[in-house]
Protein chains: 2
Amino acid sequence: MRKGEETRNRILDVAEAAVLQKGFGGTSIEELIVETGITKSGFFYHFKDKNELAKALLNRYIENDERIYDEIFSRARDLMDDPLQSFLLGLKLLSELLADLPNGHPGCLVATVCYYERLFDREIQETNKNAVLAWRRRFGRMFREIMAVYTPREPVDVDQLADMVSSVLEGGIVLSKTLKEPNTLAEQVLMLRTFVRMLFLPAVESPLAAVRHDQLHGMAGSGQP
Amino acid sequence: MRKGEETRNRILDVAEAAVLQKGFGGTSIEELIVETGITKSGFFYHFKDKNELAKALLNRYIENDERIYDEIFSRARDLMDDPLQSFLLGLKLLSELLADLPNGHPGCLVATVCYYERLFDREIQETNKNAVLAWRRRFGRMFREIMAVYTPREPVDVDQLADMVSSVLEGGIVLSKTLKEPNTLAEQVLMLRTFVRMLFLPAVESPLAAVRHDQLHGMAGSGQP
DNA sequence: TCCCTCCTGTACCCGCGGTACAGTTTTCAG
DNA sequence: CTGAAAACTGTACCGCGGGTACAGGAGGGA
């Protein structure tokens, strides 16, 4: 019972790394069992086919992803009471986390599935769609809190603004992976941060705003020591 | 000679659509020859293996991609003399073009290759990397022209700003495809436009700026009739 | 006429996904 | 300690798809 879970997770670990590098079609079950140190029969004991492996992989990935966002933004919420400052800090923390990944971001399974859609069943595509919608709700909620306090400089749709966060992350991953420049993703997140800050913070004029600006600029610079 | 080129292009057309839907690993040569109405031998006459197909596919895709950007932004350049206004118009034209795609954006081959890297040779990965660098140079050049006239409200790195365009496009495609919402990609491009406008245009105060604001807002709404 | 391009047809190899099923070891509850 | 369920191993087999090898044929231009 306990042992089974552990083996299953080991398979998922190996499979996730392989799938993010080579896609689902490019990952053979053969190589998974070799690297996991299990037999073919053992593999099919845990997953009845590749589709079920994909399902488990995606669900685990999404859960983990959500957990990370929960942690980062709740930590930011604890440190800053203002919703805008808290969100900006969250983006800063996120960019630092991404910059600290030793080999860069390994890739997003949601994107992998997106570019593989036709080979999986409706359920997986639905799961994937829901993951993106969850991002939209998550960041949308944050932007609504911000907008309860701040008026955006330009009229923007909250959902579209929330999607912008997901876009920059997904796109930044693609750029970072393709260029093999781990920093690019972190920089893009900071660029997004600049966007959000500009959108909600008034033109730098008041002493308070000036202080805030220096403070944030200083933080942004401390990303890559 | 002429006939061979035509068949080759037909194969590439079929292959591109299939690969964007199912990835390289998920696309069988069998289905390509069936849909193209050619035999297996015929296929291997044109491409000695799948890697060479991928190479041809990617090169063709990138050329076409570059051509589209050339057209859009040179058209915008003809209509507007100011580099900023020209760039903003270009983004508007791009978002309209994307919104008019009947089934939404089919996907970007650069991203497909990025999520499939390990299965191709160095050359393809290099080509892919160069495509992203070309985007960086293209948009970087535009932003440099803009910065020769306008001072950004916040200090930004030109390359990172240029990458932001690529990020939002790549990320927007992933979101759009996953959600099966064709509009999402176009909206993200307009969101990026808002970012660029805010970054370079002074706070709305002058009558000119006010007019411009209304005008742009009206245009943004006309995207999906 | 001859050669070159552009294919078709046939036959075959192998790796991989997947099935089937019998047997073995490990784990843990009673 | 025992027994049953869980967690595997081993073996054998199927079909599909990528890829190779090669022989040959249609059509067109020099």
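Per chain, numbering begins at 1; letters A, B, ... match sequence-line order.
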TODO: Calculate the interatomic distance between B/D49 atom CG and D/dT20 atom C1'; express it in whole Å.
DONE: 12 Å

- [ ] Name the orientation class of the two ring planes belonging to B/F87 and B/F73 (parallel below 30°, tilted from 30 to 60°, perpendicular beyond 60°).
- [x] parallel

TODO: Calculate the interatomic distance between A/N51 atom CG and C/dG17 atom P; express it in whole Å.
DONE: 14 Å

Open item on the list: Between C1' on C/dG9 and CZ on B/F43, what's the gap in Å once rounded to a whole number?
Closed with: 18 Å

Open item on the list: The side chain of A/K50 is closest to which nucleotide in this list: D/dT9, C/dG17, D/dT20?
Closed with: C/dG17

Task: Sugar-phosphate, base or nothing in reach of B/K40, heavy atoms under 4.0 Å - done: base

Task: Side-chain donor-acceptor pair present, B/W135, B/D163, cut-off under 3.5 Å - done: no

Open item on the list: If you take any heavy atom closer than 4.0 Å to DNA chain D, which residues from residues 26-38 of chain B end up in contact?
Closed with: B/T27, B/S28, B/I29, B/E30

TODO: Taking side chain to side chain contact (heavy atoms under 4.5 Å, CB included) as the test, write out the residues that go with B/R122, two or more places apart.
DONE: B/Q125

- [ ] State which residues pass salt bridge (charged side-chain N to carboxylate O under 4.0 Å, His left out) with A/K129; sequence neighbours excluded, sorted by chain then number.
- [x] none

Task: Distance, rounded to the nearest Å, where B/L53 contributes CG and D/dG17 contributes P - done: 16 Å

- [ ] Please lay out, stage by stage, how B/Y115 and A/Y116 fare under the test ring pair (Phe, Tyr, Trp, His ring centres under 6.0 Å).
- [x] CA-CA 10 Å; B/Y115 274 105; A/Y116 214 75; over 10 Å; no

Open item on the list: How about CG on A/D78, more than 12 heavy atoms from neighbouring residues, nucleotides or ligands closer than 6.0 Å, or not?
Closed with: yes

Open item on the list: Is A/S41 close enough to C/dC21 that one of its side-chain N or O atoms is under 4.0 Å from OP1 or OP2 there?
Closed with: no

Task: Beyond-backbone contact of A/L53 with A/L32, side-chain heavy atoms, under 4.5 angstrom - done: yes

Task: Axis-to-axis angle between the two ends of the helix from C/dT1-D/dA30 to C/dG30-D/dC1 (five base pairs per end, rounded to 10 degrees) - done: 20°

- [ ] Provide the closest heavy-atom pair for B/Y61 versus B/V110 in the form atom of the first, atom of the second, distance.
- [x] CE2-N, 4.5 Å

TODO: Kindly say if B/Y45 contacts the phosphate of C/dC7, meaning a side-chain N or O under 4.0 Å from OP1 or OP2.
DONE: no

Open item on the list: Heavy atoms within less than 4.0 Å of DNA chain C: which residues of residues 14-25 of chain A have one? Give them sorted by number.
Closed with: none

Task: Whole-Å distance separating the CZ atom of A/F44 from the P atom of D/dC13 - done: 18 Å

TODO: May I ask you to decide if the ring planes of B/F200 and B/F143 are parallel, tilted or perpendicular, using 30° and 60° as cut-offs?
DONE: parallel

Open item on the list: Once you apply a heavy-atom cut-off of 4.0 Å, does A/K48 come out as touching a base, just sugar-phosphate, or nothing?
Closed with: sugar-phosphate

Open item on the list: Holding to salt bridge (charged side-chain N to carboxylate O under 4.0 Å, His left out), I want the full list of residues that pass it with B/E30, two or more places apart in sequence or in another chain.
Closed with: none

Open item on the list: What is the distance, to the nearest angstrom, from the CD1 atom on A/I11 to the P atom on D/dA7?
Closed with: 12 Å

Task: side-chain N/O B/H46 vs C/dC6 OP1/OP2, d < 4.0 Å - done: no

- [ ] For B/E35, look at atom CD and say whether over 12 heavy atoms of other residues, nucleotides or ligands are found less than 6.0 Å away.
- [x] no

Open item on the list: Quick one about A/S167 and B/Q188 (side-chain donor to acceptor, distance below 3.5 Å, no hydrogens or angles considered), yes or no?
Closed with: yes

